[in-house]
Protein chains: 4
Amino acid sequence: MVDQREDERPRSRRLPREVRERQILDAAVEVFAKHGYYNASMDEIAETASISKPMLYAYLGAKDELFIACVRREAARLVEAIGVEVESGLTPADQLWNRLQLFFEYVRCNKDGWRLLHRQGDVSGEPQVVELTEWRDRATELITALLAQATEDQKQPMQPEQTEPFAAALVGAGEALVEWWFQHPEHTAEGMARRLMNLLWLGFGELVEGKTWHPQGEA
Amino acid sequence: MVDQREDERPRSRRLPREVRERQILDAAVEVFAKHGYYNASMDEIAETASISKPMLYAYLGAKDELFIACVRREAARLVEAIGVEVESGLTPADQLWNRLQLFFEYVRCNKDGWRLLHRQGDVSGEPQVVELTEWRDRATELITALLAQATEDQKQPMQPEQTEPFAAALVGAGEALVEWWFQHPEHTAEGMARRLMNLLWLGFGELVEGKTWHPQGEA
Amino acid sequence: MVDQREDERPRSRRLPREVRERQILDAAVEVFAKHGYYNASMDEIAETASISKPMLYAYLGAKDELFIACVRREAARLVEAIGVEVESGLTPADQLWNRLQLFFEYVRCNKDGWRLLHRQGDVSGEPQVVELTEWRDRATELITALLAQATEDQKQPMQPEQTEPFAAALVGAGEALVEWWFQHPEHTAEGMARRLMNLLWLGFGELVEGKTWHPQGEA
Amino acid sequence: MVDQREDERPRSRRLPREVRERQILDAAVEVFAKHGYYNASMDEIAETASISKPMLYAYLGAKDELFIACVRREAARLVEAIGVEVESGLTPADQLWNRLQLFFEYVRCNKDGWRLLHRQGDVSGEPQVVELTEWRDRATELITALLAQATEDQKQPMQPEQTEPFAAALVGAGEALVEWWFQHPEHTAEGMARRLMNLLWLGFGELVEGKTWHPQGEA
DNA sequence: CATGAATGAGCTTTCATTCAT
DNA sequence: AATGAATGAAAGCTCATTCAT
């Protein structure tokens, strides 16, 4: 898992296209995360990337395209981090538990990227918002699949139209918990994952009775 | 519960101050909800309100102030709708169930207002955004109190530092579920509330075993 | 000589036209003097005059007309204060000495009015500036006449085309001296008049030799 | 001494920064002088400078900053033109005479600049107006120093608190005389300087007796 | 007569975007 | 390939001015 991008961007010319693009994307993600889409200026992005504006446009297009590119990359990272394939050989609960851990770990290492993905409600109105929320759909699909797997041995396995809203709600709960985490940074990623797991798997009904969920192998 | 504001704004001049103010707020909420804060133009708001721009500024100040005023009003509506006082005489589960129903009902009737409150992550950078997220804090507090009440008879009642993240996650789950609802509008408010209640109270652990939560009195 | 206008403007209706106009002019002079022509707003003038804006316009017309009216009134006061007729029976020097005293006395009692007359260089560009500087012309004429009188007994009395620039310079010197006075308010009007008289009548040539001018009758 | 900036501004693109800046300042001085600060529009300045508005702002900042820049440049020109150091080896009278000539010469060649410096009484209210009147202070200081020098050999040399108001009055007289000159442009700069010198050095007392002041070496 | 309520018109300012070197 | 220099277009805001009561 790659840690937060470094700040050292030596001003060097004649770089291969791939490197340049990465340099630009890093800068753009940083600036977009800091100021938000609208308050981010192309000037600042160019300066942060140590590149001139015409180059900025030549490489990654206009502001909205650049933003999309950022979102796409960060979303890919997130999806890759938590995995999207259902693994056999683990119970759904354990799989979920693993993913949650990976998710919070990802957030811890990619704060800027996460902010980009999470806080972009205001870009609504534009048509291209599809890419903006696609990662949510991917995550939701994963959860949906897990739930389906969890119930597939029952006589009435849950159908997607039942599990999907649950999955969506789960994702929302995770996002909200991250916000809470940012305000209480003393907690560990694993602790956060455990909290969410407790809530999701047990539900309040059992939580209030004092029960708690444990990963397999714990006492 | 008041239904969505109508679109009929008769172009009548010389209205009393109070009426005009409401007219303007209605228009502003509509436009802000449609385009987001940054893409909303004062021109369009003025036109939607059937008013000239100077009046717009005279009544509710600059763009950010106007936006704050909108948020304040809509947040008040939401808080008022779901109530914030803990009622005695009902079990926490029933109270939560009631609030969830009220919440989804509110969303159904105040789509624009809800969008205003929900999709504004990008306004970061401005200092006065406090009002924007305050309603979340209020809602979280309510849930926290409910959870505390639910466990107060136990030997180890849950402390705020335990319940608060759960409450935050719950609110997030609700918000996400609303988004899903917007894409599947065939469902009723009560149905959505029931989904969320099931998830929250039972948790996946029981859900996947086929259990479901019922309001008291149902079979 | 009337002292600075008082601030008490009781809000009363149905006043005779003349009183209202005076009320308005008082307010307008005050506001114009405080903020300058462009920064003075009709709103503030109306409020200061305890009158509504439509009345303001009804009585004294648009902003520029109102300003002209103010200038006209204050200029009249100034001209009346220092007199404009050449008196016989006094030497020109004594006459000048008297006028200078009256002038500084006028400034002391009519600060706002004076500011209006003096600091309006920026209103250039407008066509109606004639009224703005007419008082200067009147004052200059007076001085010119005095100089003419002073030299009429000589074989080569000074002609207007010679005396006029001197008169204009004198007026300018007076204006500048008033500015200096405002920054050194500890001096009396008579002291200022004496300073100017010394400079004008003796000139530096004699001043630097230690001579001073005295009004007739002094030692 | 450089003559009035010419009007020929060839519409050429991609000029080096320094040239553009001068081009803009020339245009701004022209427009500010013609319309005054408030009536001058950034549009007109941009058009006069054959430049687009964004460039205008990029080079010299907002309207007030641009204005300050103009004033600064023109004030520097004026101060440089008349010199501000007291020269030894010349009598104070001769020094004054020289400066007056230089002053009127400056005015003749820099009408716009002079208007900028002279007619801006109305910019009061803004805080940064310090620069606007600083040149007057410099000029006053110069005169004050000259007077001090003129009397330093006497048993009772004049103190600054005595000479300063005279100096201020002198400057005011000069300004007023320039206004008169603008209405009688048939006179030469030297003639104007001589008029002022006569008034200042001899005073009316001697002027009315038919005396006149001559530069050293004249008959 | 007197006014609260309303507006046309214009200003300054700032972007994202692209020539021309 | 790479950039300093340049701009079209639009936004927010305010003011003198006037209906309509």
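Note on naming: letters A, B, ... go to the chains in the order of the sequence lines (proteins, then strands), and numbering restarts at 1 for each one.
Within the 4.5 Å cutoff, the side chain of Glu47(B) has no heavy atoms near those of the Leu56(B) side chain. In this structure, Leu25(D) and Glu74(D) have side chains that are not in contact, with every pair of non-hydrogen atoms separated by 4.5 Å or more. The shortest distance between side-chain heavy atoms of Arg115(D) and Phe32(D) does not fall below 4.5 Å. With contacts defined as side-chain heavy-atom distances shorter than 4.5 Å, the pair Leu66(A)/Tyr59(A) does not qualify.
Atom CD in Glu21(B) sits about 15 Å away from atom C1' in dG4(E), given to the nearest Å. Following rounding to the nearest Å, Gln23(D) (CD) and dA6(F) (C1') show an atom-to-atom distance of 13 Å. The separation between Ile45(B) atom CD1 and dA11(F) atom P is 12 Å, rounded to whole Å. Atoms CD1 (Ile24(C)) and C1' (dT3(E)) sit 14 Å apart, rounded to a whole Å. The CZ atom of Arg20(B) sits 11 Å away from the C1' atom of dT7(E) (whole-angstrom rounding). Atom CD1 of Ile51(D) and atom P of dA5(F) are 11 Å apart (whole Å). When rounded to the nearest whole Å, the span between CG of Asn39(A) and C1' of dA11(F) equals 14 Å. If you measure from atom CE of Met55(C) to atom C1' of dA20(F), you get 14 Å, rounded to the nearest angstrom.
Residues satisfying the side chain to side chain contact (heavy atoms under 4.5 Å, CB included) criterion with Glu44(B), sequence neighbours excluded, are Val31(B), Lys34(B), His35(B), Ser41(B), Thr48(B).
By the 30° and 60° cut-offs, the orientation of the rings of Trp114(A) relative to Trp135(A) is perpendicular.
Residue Tyr59(B) has no polar side-chain atom (N or O) positioned under 4.0 Å from OP1 or OP2 of dA5(E).
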Under the rule of Watson-Crick or G-U wobble with both distances under 3.5 Å, where | means paired to another strand and [ ] a crossing pair, DNA chain F maps to .||||||||||||||||||||
Would Tyr37(A) and Asp64(A) satisfy side chain to side chain donor-acceptor pair (under 3.5 Å), going step by step from the backbone distance to the final call? CA-CA 9 Å; Tyr37(A) 177 76; Asp64(A) 51 352; 5.1 Å; no
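Of the inter-residue distances, the one linking Ile51(D) atom CD1 with Ile24(D) atom CD1 reads 3.5 Å to the nearest 0.5 angstrom.
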Take nucleotides 9-17 of chain E nucleotide by nucleotide from the 5' end and write B, S or -, depending on whether a protein heavy atom sits under 4.0 Å from the base, only from the sugar-phosphate, or from neither. ---BBBBSB
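Judged purely by atom type and a 3.5 angstrom limit, Lys63(C) uses its side chain to pair as donor or acceptor with the backbone of Ala40(C).
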